Amino acid sequence: MLGLSTVLPSDPVKLITFALCIIGLFLATIFVVAFKPKAGESTTLQAYLKFFYACFVKPHSGDGTGNQQDALESFYKAQAEVYDATRVRLLRGREDLLGLVAAQLKYRTEAGLISQRPVWVDIGGGTGHNVEQMGAFLSVPDFFRAVYIVDLSPSLCSMAEKRFARLGWKNVKVICQDARKFRLHEHEQEARKRKELILRGQIVRDLDENADAGGAELVTMSYALSMVPEFYPVIDSISSLLSPNGVVGVVDFYVQNQVEYQSRNYTGGAIDRHVMWISRVFWRTWFEIDRVNLEAARRDYLEYRFGTVLSINTRNNFFGVKLPYYIWVGCSKETGASSAKLAEIDAAATESPYLSALDLQTGPAQSDIELRSKAYESAIVNLQSSLPLPATWYQNHHWRIHYDDTLLKHTRFNNSYIYAFTWEDDRADARLLKVRPDDVILAITSAGDNILSFALEHPRRIHAVDLNPTQNHLLELKVAAFTALGYSDIWKLFGEGHHANFRDILINKLSPHMSSLAFQHWLSNGTRIFSANKNKGLYYSGGSGNALTLVGWLFRILGLSGEIKKLCAAQTLNEQREIWERSIKSILHSKILTWTVLGNEKWLWKALGVPPAQRDLIEWDHNNMDDFDPEGPFAANTPTNKKDRKKTSEKAQRKSSGHAVYEYVLNTFEPVVTTTLLSTSNHYYLLTLLGHYTPQSHPTYLSPKSHVQLSKPTAFSGLRIHTDEISEVISRMRPNTLTIVVVMDSMDWFPPGGKQAIKQIRGLNRALRVKGRVLLRSAGIEPWYLDVFGELGFSCRRVAVRVPGGCIDRVNMYASTWICTKEVSIEHEDVKASLRKNSMGELKI
Ligand SMILES: C[S@@+](CC[C@H](N)C(=O)[O-])C[C@H]1O[C@@H](n2cnc3c(N)ncnc32)[C@H](O)[C@@H]1O
Ligand SMILES: *[C@@H]1O[C@H](CO)[C@@H](O)[C@H](O)[C@H]1NC(C)=O
Ligand SMILES: *[C@@H]1O[C@H](CO)[C@@H](O)[C@H](O)[C@H]1NC(C)=O
Ligand SMILES: *[C@@H]1O[C@H](CO)[C@@H](O)[C@H](O)[C@H]1NC(C)=O
């Protein structure tokens with residue numbers, strides 16, 4: 001005991017220093033080993049030795065005056081020459097940042113938000129490495145009117161000057177100055193003019209008389225924010241430096257604890273943001289040696305001072321240790337935060353007419369609240385607390401409506417979608433609904449395929465609704481892809497489900513068109529999904545992907561893989577039927593299979609994703625099949641005999657319910673194979689068997705003709721993507737506005753006779769215009785809730801029914817399709833009252 005305590009220091013601070021020394025030695029060894037020169041590469045080793053000497057051995061104390069420039073110089077002078085070579089692995093994410101801001105600038109220029117050649121200020125730009133790297137994304141001498149590199153270290157500045165003399169880029173200027181003191185109007189003619197105008201107009205924007213009045217379209221800081229001792233004035237100066245539609249980009253190290261940011265709803269998502277305790281302590285202490293400060297406030301203040309456009313948390317795998325860094329793209333907090341703009345965006349989300357700005361001082365009036373989206377309410381709450389708006393408000397497109405991603409009802413989906421493809425026949429929908437240009441459609445998102453089909457018919461507005469955020473992320477990915485990519489990339493992504501360069505196109509092409517949450521999701525999941533090996537890909541991801549994998553396994557175990565391939569390639573219906581009859585059908589019919597796989601109820605329910613209420617519907621029909629007459633009259637609102645239903649449900653329990661489902665599955669599959677040709681006209685089943693589409697068989701949105709339509713700039717201007725329950729969304733719609741609602745089979749999931757269905761149908765009646773239609777599908781031939789529709793002002797018509805041996809549509813999963821038309825408003829008085837309130841609101845404003 002005594003011996004040890006004399007060897008080890010007893011003071012805890014000294015103990016930690018001692019531990020760090022050991023780790024330092026360890027890292028030094030790794031450096032040397034990792035860069036052991038191969039033949040003729042001695043320069044890299046020398047470079048790293050110099051770097052190591054300057055970082056960890058050479059005392060960097062400055063001249064003792066505490067002046068930052070001297071301290072910096074003492075640090076960088078010895079390594080200026082080797083700076084670039086040694087930072088490639090340490091300062092990761094710089095290329096990603098440049099790609100992201102370049103994409104933003106290109107979009108904003110094309111959209112007319114930036115009207116002149118942009119000015120770029122790189123604060124703490126060092127050797128000008130970033131400016132040269134930007135050449136990979138745009139032509140720096142042509143695109144920018146001027147580029148300023150501001151840095152306090154003379155030795156790094158002179159490296160930068162040499163670089164741009166060599167490149168011959170005349171528009172790049174190196175300013176050796178403290179970032180706190182840099183003012184654009186001292187260098188830029190136009191910034192000076194604007195400044196003078198403002199001073200003459202006596203509008204003092206800021207207490208700081210020296211402050212700029214905008215002028216830079218791009219301000220970046222890469223690994224510099226953590227090195228500036230006084231960061232508040234630097235961040236404040238960015239704010240006055242930035243022109244109104246300009247972009248800020250920052251990449252830096254950070255360490256943060258969940259408790260620090262979890263209550264904030266304006267940071268654009270927190271995937272991977274939390275850093276473990278040990279890592280937090282280690283990196284903060286470690287970087288202190290080099291005067292790099294990982295204080296959490298640096299990042300927080302940035303997020304507080306600006307609007308967040310995109311944000312990434314990630315790790316640099318630095319010689320086997322994970323070093324956390326972030327990439328953040330922001331914009332002026334005021335962009336889009338004007339009350340007028342907010343109200344305008346909100347009006348579209350709720351179908352309210354856009355009238356006028358809301359008076360934020362007095363707060364929203366009662367009547368407004370009624371018709372406001374939750375997103376709008378959250379924006380008001382944030383503005384009243386002087387916080388930036390949630391990130392969705394700062395996006396280039398207002399497709400996605402803000403939602404609180406921390407709520408349990410969203411997180412319980414575990415960041416995964418259930419459907420990677422939509423399982424409803426869009427052609428049947430189109431035929432039944434005949435969409436017109438003045439239609440206002442609300443539909444469940446699912447995988448978004450049918451939303452895109454609707455978009456091809458140009459209705460006035462489409463509201464896509466899903467409670468699962470990742471289903472909406474998938475739709476956002478598709479919409480962004482159509483906005484930014486050519487046909488061949490679209491086909492790779494969604495036709496084949498593979499794209500080798502997914503990460504590149506996400507960052508360089510898709511990022512300006514996505515919300516921060518969707519972007520984070522695809523950045524963290526997309527590469528694994530799209531760049532997987534040949535037998536995986538998009539359609540093997542998510543819940544439906546598991547089902548595809550299972551189907552694949554099943555056929556492999558049964559030795560049917562070859563036959564399935566032939567089935568998918570068959571060129572005529574006869575050929576297809578023959579393959580089906582000769583092998584697949586008989587094996588699927590065999591008793592053993594039925595008994596082991598299909599007879600096992602639990603497995604079946606899970607694999608098919610059938611909820612209990614829907615299962616009851618299937619069983620009820622199964623037991624009444626004998627009484628069913630498909631030709632018989634099905635008048636609207638046929639009253640159901642309650643006693644009958646009870647009697648048969650008792651009967652149902654006696655019969656095996658596994659059998660009902662087995663029958664259901666066969667009734668689904670057999671007619672599909674015998675009446676639709678997979679290789680040309682049934683992409684639904686082709687996909688489940690092959691795992692990808694083919695040029696002959698694919699959803700409507702994947703044709704070259706659709707691409708021409710959907711890549712037009714206005715193709716999605718009427719699209720709004722809501723993340724919430726249908727009932728929540730329709731309850732905030734202005735009454736009498738929707739004309740078409742597609743609820744798929746979601747009503748089957750409600751417990752029979754329960755309040756939920758009644759509430760939803762009431763809500764539909766309120767939100768729909770008279771003669772507005774609800775399209776629904778059911779696993780039952782005549783589901784119970786149609787009675788409720790009848791009681792609540794609708795007339796229902798069955799527009800398709802599945803008879804044994806026939807197909808209801810190409811999916812053939814549901815037993816019946818219904819259109820319920822709203823005939824009368826049931827809440828006459830309520831609606832009138834709320835309209836009256838609204839028009840009073842108009843007069844008041
Ligand atoms: C780690 S380097 C990053 C350099 C460059 N941005 C890059 O990514 O390679 C940090 C830079 O910040 C600069 N810096 C630190 N404090 C500064 C200040 N107060 N004003 C201007 N530059 C500063 C340093 O001189 C240094 O070049
Ligand atoms: C957003 O966060 C602020 C601050 O924590 C809070 O006051 C506000 O209620 C939040 N807004 C929403 C919609 O959750
Ligand atoms: C999400 O994960 C939890 C815990 O791992 C699990 O219990 C739950 O069933 C999962 N939810 C879904 C929808 O997969
Ligand atoms: C995305 O990644 C998360 C975390 O790794 C995982 O839980 C989730 O299932 C993934 N989602 C998809 C659709 O692959």
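All values below were derived from every heavy atom in this structure, side-chain atoms included, with hydrogens, water molecules and symmetry-related copies excluded. Numbering of ligands and ligand atoms starts at 1, following listing order. Note that the structure is predicted; figures quoted are calculated from it, not measured.
- Near Tyr223, the atoms of ligand 1 lying under 4.0 angstrom from a non-hydrogen atom of the residue are 1 (C), 2 (S), 3 (C), 10 (C).
- Between the side chains of Arg298 and Ser226, no donor-acceptor pair of N or O atoms lies under 3.5 Å.
- Side-chain atoms of Ser222 and Asn130 form a donor-acceptor pair, as typed in the model, at a separation below 3.5 Å.
- Ring pair Trp522/Phe530 is tilted by interplanar angle, where 30° to 60° counts as tilted.
- For the residue pair Arg87 and Gln79, a side-chain donor N or O sits within less than 3.5 Å of a side-chain acceptor on the partner.
- Aromatic ring orientation, Phe421 versus Trp423: perpendicular (interplanar angle above 60°, classes split at 30° and 60°).
- Below 4.0 Å from some heavy atom of Gly126 lie the following atoms of ligand 1, by number and element: 27 (O).
- Within ligand 4, counting atoms from 1 as listed, the ones closer than 4.0 Å to a heavy atom of Tyr417 are 13 (C).
- Residue Tyr76 places a heavy atom less than 4.0 Å from ligand 1.
- Listed by number with element, the atoms of ligand 1 under 4.0 angstrom from any heavy atom of Ser153 are 25 (O).
- Of the heavy atoms in Leu72, only side-chain atoms (C-beta onward) come closer than 4.0 Å to ligand 1.
- Side chains of His499 and Asp489: a donor on one and an acceptor on the other come within 3.5 Å.
- Residue Arg87 places every heavy atom at 4.0 Å or more from ligand 1.
- Note on ring orientation: taking the six-membered ring where Trp is involved, the planes of Trp120 and Phe144 are tilted (angle from 30° to 60°).
- A side-chain N or O of Ser515 and one of Glu476 form a donor-acceptor pair less than 3.5 Å apart.
- Ligand-side atoms of ligand 1 in range of Asp178: 18 (C), 19 (N), 20 (N), range being under 4.0 angstrom from any heavy atom.
- The aromatic rings of His410 and Tyr403 sit perpendicular to each other, their planes meeting at more than 60°, with 30° as the lower class boundary.
- A cation-pi arrangement is not found for Arg291 relative to Phe75, the charged atom failing to lie both closer than 6.0 Å to the ring centre and inside a 45° cone about the ring normal.
- Looking at atom 9 (O) of ligand 4, its nearest protein heavy atom turns out to be Ser416 CB, 3.6 Å.
- In this structure, the protein non-hydrogen atom closest to atom 13 (C) of ligand 3 is Arg412 O, 3.5 Å.
- With Tyr693 as the fixed residue, the ring pair (Phe, Tyr, Trp, His ring centres under 6.0 Å) test singles out one of Tyr701, Phe494, Tyr539: Tyr539.
- Close contacts of ligand 1 with Ala179, meaning ligand atoms under 4.0 Å from a residue heavy atom, involve 18 (C), 20 (N), 21 (C).
- Proximity to Gly124 (heavy-atom distance under 4.0 Å) selects the following atoms of ligand 1: 3 (C), 4 (C), 5 (C), 6 (N), 11 (C), 12 (O), 13 (C), 22 (N).
- With Met159, Arg94, Arg291 as candidates, the residue nearest to atom 7 (C) of ligand 1 on a non-hydrogen basis is Arg94.
- Remark: of the listed residues Gln177, His187, Glu188, Glu188 is the sole one forming a side-chain hydrogen bond (donor to acceptor under 3.5 Å, both in side chains) with Tyr148.
- Close contacts of ligand 4 with Ile529, meaning ligand atoms under 4.0 Å from a residue heavy atom, involve 14 (O).
- Between Arg163 and Asp84 there is a salt bridge, since at least one side-chain N of the basic residue sits less than 4.0 Å from a carboxylate O of the acidic one.
- At the shortest separation from atom 3 (C) of ligand 4 among protein heavy atoms lies Asn525 ND2, 3.7 Å.
- Closest to atom 5 (O) of ligand 4, if we only count protein heavy atoms, is Arg528 NH2, 4.5 Å.
- For atom 1 (C) of ligand 3, the protein comes within 4.0 Å by at least one heavy atom.
- Under 4.0 Å from ligand 1, the heavy atoms of Leu156 that appear belong solely to its side chain.
- Heavy atoms of Gln177 approach ligand 1 to within less than 4.0 angstrom.
- Interface atoms of ligand 1 facing Ala224, defined by a heavy-atom separation under 4.0 Å, are 12 (O).
- Counted by atom type alone, Asp300 and Tyr254 present zero donor-acceptor pairs between their side chains at under 3.5 Å.
- In this structure, atom 7 (O) of ligand 3 is not in close contact with the protein, since no protein heavy atom lies within 4.0 Å of it.
- The nearest non-hydrogen atom to atom 22 (N) of ligand 1, considering only Leu90, Asp84, Asn130, Leu152, comes from Leu152.
- Of the candidates Asn414, Ile418, Thr411, Asn415, Asn414 brings a heavy atom nearest to atom 10 (C) of ligand 3.
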